[in-house]
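We count residues from 1, following the sequence as given.
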Amino acid sequence: MMRLDMSERRDRIIALLSENGELSAAELSARLCVSVQTIRTDLRDLDAAALVQRRNGAARLRQQSENIGYLPRESLARQEKQRIALAVKNLIPDGARVALGTGTTVEQCARLLAARDNLFVVTNSIHAVCALQNAPGAVVEMAGGSVRMRDLDLIGAAALEFFAKYRVDYAVFSCGGLSPEGEVMDYNSDEVAARKAIAGCARSSILVVDSEKAGLDLACRHGHLREYDMIVTGADLPQETVRACAREGSRIVLV
């Protein structure tokens, strides 16, 4: 087995815990071909980042009603998010009008879209605005209202009214998780409302979702993958979900 770098290895730890529920450091060591001490260091850092919980010699994912902090999320599935961002860049031409949602995957998309010329962008993410700072000829409109300081974004009523004022070509946004049946899930109703508002202002909706979100059992469920025009993901989706998307003309872009 090829030796993974630290970021990739920790992504695999998260994936293995998601698949198996609970594993010991020794079991993770055997599966990832690294020392038990290395795994213990990984688990300690992942525990400090509120991603896993260590108990009685084993580790499991934390059960959460709210997403983890922004900085820890940036390190999860980093390479997959970059592949997603490249695919999104290839879907959006110069001069397009684009709505960008919040989250680390959308921020990666904004960084690559900064190479496009003359974009018109509406967003409720301060991270996306910063990523587009040097985009040639870009015009960026930012939602107003109260800033959610943890994520540097806006998802309240003012943000919903903001997106309702625009009609754009593409909306790029994420979600909190995907159920095994292809339902699109979020951590709370505010996240759901923001996603609906962003998708609703665009002619073409692009849902970006990394494989770490597949199978997450979250509190709020609204809609199905088949309701979006495109899904860009590295997740291994169930065949029934793939067929449902195909029947409704929803395009899945695998990265």
Side-chain angles (χ1 to χ4, degrees), residues 66-74 76 78 81-82 84-176 184 186-210 213 220 222-223 228-230 232:
E66 186 174 339
N67 207 350
I68 62 174
Y70 198 91
L71 288 177
R73 295 208 308 273
E74 285 189 313
L76 291 176
R78 187 189 302 271
K81 290 174 183 177
Q82 291 171 346
I84 289 171
L86 179 59
V88 169
K89 176 195 171 187
N90 291 335
L91 291 169
I92 296 177
D94 292 341
R97 294 176 293 180
V98 185
L100 295 177
T102 65
T104 58
T105 307
V106 176
E107 180 187 356
Q108 285 290 336
C109 293
R111 291 189 184 282
L112 293 196
L113 286 172
R116 291 289 184 218
D117 292 330
N118 303 315
L119 293 180
F120 176 82
V121 178
V122 295
T123 185
N124 59 335
S125 168
I126 295 173
H127 289 286
V129 172
C130 293
L132 292 163
Q133 183 176 8
N134 296 313
V139 175
V140 180
E141 298 283 342
M142 177 77 193
S146 299
V147 176
R148 185 167 58 166
M149 296 302 291
R150 187 197 66 180
D151 287 358
L152 291 181
D153 60 17
L154 302 97
I155 62 170
L160 305 187
E161 294 172 5
F162 167 79
F163 285 110
K165 296 188 298 185
Y166 296 97
R167 184 63 171 165
V168 300
D169 303 311
Y170 303 92
V172 182
F173 51 90
S174 188
C175 63
V184 182
D186 278 296
Y187 289 87
N188 54 63
S189 58
D190 285 340
E191 302 276 7
V192 171
R195 173 163 48 83
K196 289 172 61 181
I198 296 165
C201 76
R203 293 186 176 87
S204 184
S205 56
I206 304 175
L207 178 67
V208 294
V209 54
D210 66 75
K213 295 179 179 178
C220 297
H222 184 277
Y228 299 106
D229 296 302
M230 286 176 275
V232 184

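Between N124 atom CG and I155 atom CD1 the span is 8.0 Å, to the nearest 0.5 Å. Rounded to the nearest 0.5 Å, atoms CZ (R111) and CG (L132) are 9.5 Å apart. One distance of note links CG of D151 with CD of E191; it measures 7.5 Å at 0.5 Å rounding. Of the inter-residue distances, the one linking K89 atom NZ with C109 atom SG reads 12.0 Å to the nearest 0.5 angstrom. Atom CG of D210 and atom CD1 of I84 lie 5.5 Å apart (nearest 0.5 Å). For the atom pair D153 CG and T123 OG1, the distance stands at 9.0 Å (nearest 0.5 Å).
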One pair to check against side chain to side chain contact (heavy atoms under 4.5 Å, CB included): V232 and L91. What are the steps and the verdict? CA-CA 10 Å; V232 184; L91 291 169; 4.1 Å; yes
Are V172 and L100 close enough, and set up right, to give a side chain to side chain contact (heavy atoms under 4.5 Å, CB included), and what steps lead you there? CA-CA 5 Å; V172 182; L100 295 177; 3.7 Å; yes
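Sorted by first then second residue, the side chain to side chain donor-acceptor pair (under 3.5 Å) pairs that include residues 192-206, not counting sequence neighbours, are D169-R203, D186-R195, R195-Y228, S205-D229. Screening residues 130-159 for ring pair (Phe, Tyr, Trp, His ring centres under 6.0 Å), with sequence neighbours left out, gives no hits.
In this structure, V106 and S174 approach most closely via the heavy-atom pair CG2-N, 4.0 Å. Pairing each heavy atom of S189 with each of C220, the nearest pair is N-SG, 3.6 Å. Closest heavy-atom contact between Q82 and Q108: CG-OE1, 3.8 Å.
By the 4.0 Å N-to-carboxylate-O rule, E161 lies too far from K165 to be salt-bridged with it.
Take Y170 and apply the ring pair (Phe, Tyr, Trp, His ring centres under 6.0 Å) test, not counting sequence neighbours, and it matches no residue. Take N118 and apply the side-chain contact (heavy atoms from CB on, under 4.5 Å) test, not counting sequence neighbours, and it matches no residue. For A171, the side-chain contact (heavy atoms from CB on, under 4.5 Å) partners are A99, F173, I198, A202, not counting sequence neighbours.
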Show me the donor-acceptor pairs within less than 3.5 Å that the side chains of residues 133-147 make with the rest of the protein, sequence neighbours left out.
none

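By the 4.5 Å heavy-atom criterion applied to side chains, V184 and V209 are not counted as neighbours.
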